[in-house]
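Labels below follow one simple rule: chain letters A, B, ... track the order of the sequence lines, proteins then strands, and each chain is numbered from 1. Worth knowing before you read on, the calculation uses all heavy atoms, side chains too, and leaves out hydrogens, waters and symmetry mates. Since this is a predicted model, take the numbers as computed values, not measurements.
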Number of protein chains: 2
Amino acid sequence: MASEASIEPVSSKTAEATDWDRLIEDVIVRSTRESERKQDRSRRTEKQILNAALRVFGRDGISRARIADIAAEAGISTSTLYEYYASKEDLAYEIPMTHLSEFFASFRDATTAEMTAREKMLVYLTMSADYAREHSEWARLLYLEIWPSVFVGETGLQANIDDFTRIIRHLVEQGMEEGWIRRDTNKYETAALIVGSVNQTIITWLLYRKPKNLTKAGVEMAERIIRMLELEAAQT
Amino acid sequence: MASEASIEPVSSKTAEATDWDRLIEDVIVRSTRESERKQDRSRRTEKQILNAALRVFGRDGISRARIADIAAEAGISTSTLYEYYASKEDLAYEIPMTHLSEFFASFRDATTAEMTAREKMLVYLTMSADYAREHSEWARLLYLEIWPSVFVGETGLQANIDDFTRIIRHLVEQGMEEGWIRRDTNKYETAALIVGSVNQTIITWLLYRKPKNLTKAGVEMAERIIRMLELEAAQT
DNA sequence: GACTTTTTCCGAATATTTTTCGATTTTATT
DNA sequence: AATAAAATCGAAAAATATTCGGAAAAAGTC
């Protein structure tokens, strides 16, 4: 029994690590869009459009932003923009991808196979808040306009946003195995609690710039939630 | 000392109750808009517009919805609609009010002065989820389009949405006095944790109709958060 | 009840913004 | 250099939001 116990966790840990790596790689692949443009000039234009759109959408919001402004900001004609994106909506929904893959990649780089799910969770939540602070225009667009939008479901973006919470759910499952999250709780509920709390902090900051230090607030919120989950798990 | 102790809580409880009543009444007054129209016919038209707008915005989202469709649905001409609301945006931002005041009022009616803050908190969170389920078109508009919008700040709606979280913060403060919320925690952080968790549950339901039973999920989430806060407070 | 004033409503015109189209220019290929 | 493919643009069309002047309906006055 003792020998079994000493072997079981190891093999399961290996399996988990593989699962985990596969999940992260999948997520990164799904969120990475390589350009289908043939000419360099065109790929440059593509980037100019995305940059301009990020600025204009971030400033005016999707609804108020005008295609003509974005085109002007990108230094091209309005009709050229339509050569790249079929509509304003399409363009808006393309933007979150650009940074999401970068975020997922830097999260992968910030974690190692030796880390526990608890440690990974803390890093993930902390990085989410910090990334929003660093890329506030992008975050504004994602958290305040796109994430909650009714129509995300009609775009390829849906999967990428789902991936964000899928990672949390996976960590919740591992947290149950590690024993710091109660096994008899609903993992979707737990994930909602974690994601909701951190997102609320980010959204409040985006809207009111309060609390002043989002990085600090993100860390504190993340630590507090994890601590509370541990206390819950310690209950008999 | 014993007599003081028996008096102190009572007087403080009375003061709290008054504060609380004043807060709730303020909130209800702020969220109630009485029509400035002179004729009955006009007040009827006003309601028809709001109902039509709720349906169309709920179905198509603010950005895709067309004023002409709303006017047709309300059985009036497009130009008449402009007699009532200056722009599409103005109309969209007016809708949440209509139900918010009703929600606040039914919350007031569901609570009594004898209830503890803990009980009130549970009722408030539970009712929030349940109200969203009952008025899903309205909730879609509020939670998915308006609440997170960058531009709410420019409208009178801001105050009403803030009131929603103000009530939570007030209950958090009372919860600290009652002793089931740690006094050495940040009340804004605690409020964000509570509001974020419940909202995330509501938003997920609005987008995916999961979990199936929002009422049940709302109650469970509310009870769980409160229980977790109690455990946190019980820690030395 | 006829007259006047106010309020409400609508059709037609205007303004703004998105989207399409055909022609032109630039780049890659042979 | 000739040809094909890709990318760009200006001008026109389509879709939508918004304004305006006057007609219809209701309310007030004598």
Thr45(B) side chain to Ser42(B) side chain, donor-acceptor N/O pair below 3.5 angstrom = no
**Message:** Tell me whether Tyr84(B) contacts the main-chain N or O of Leu50(B) through its side chain, where contact means a donor paired with an acceptor under 3.5 Å.
**Reply:** no
DNA chain C: first to last nucleotide in contact with chain A (atom under 4.0 angstrom from a heavy atom), 5' to 3', is dT17(C) to dT27(C)
field: Check ion pair Arg55(B)-Glu73(B) (N to O, under 4.0 angstrom)
entry: yes
Between Lys38(B) and Arg66(B), whichever has its closest DNA chain D nucleotide further toward 5' is Arg66(B)
Using the ring of Trp205(A) (Phe, Tyr or Trp, six-membered ring only), decide whether Arg209(A) places NZ or CZ under 6.0 Å from its centre and within 45 degrees of its axis. yes
Handout entry: Salt bridge Arg108(A)-Glu25(A), side-chain N to carboxylate O under 4.0 Å
Key = yes
query = Do Arg169(B) and Thr190(B) have side-chain N/O donor and acceptor atoms under 3.5 Å apart?
reply = no
Exercise. Quick one: label Ala65(A) by what it contacts on the DNA or RNA (base, sugar-phosphate, nothing), any heavy atom closer than 4.0 Å.
Key: sugar-phosphate
Asp40(A) atom CG is separated from dA5(D) atom P, nearest whole Å, by 20 Å
Do Thr215(B) and Asp130(B) have a side chain donor and acceptor closer than 3.5 Å?
-> yes
Separation of dA17(D) atom P from Asp60(B) atom CG, nearest Å, is 11 Å
query: Would you call Arg59(A)-Glu137(A) a salt bridge at under 4.0 Å N-O?
result: no
What residues 72-85 of chain B contributes to the DNA chain C interface at heavy-atom separation below 4.0 Å is Ile76(B), Ser77(B), Ser79(B), Thr80(B), Glu83(B), Tyr84(B)
5'-most contact on DNA chain C (nearest-nucleotide basis), Ala68(A) vs Gln39(A), goes to Ala68(A)
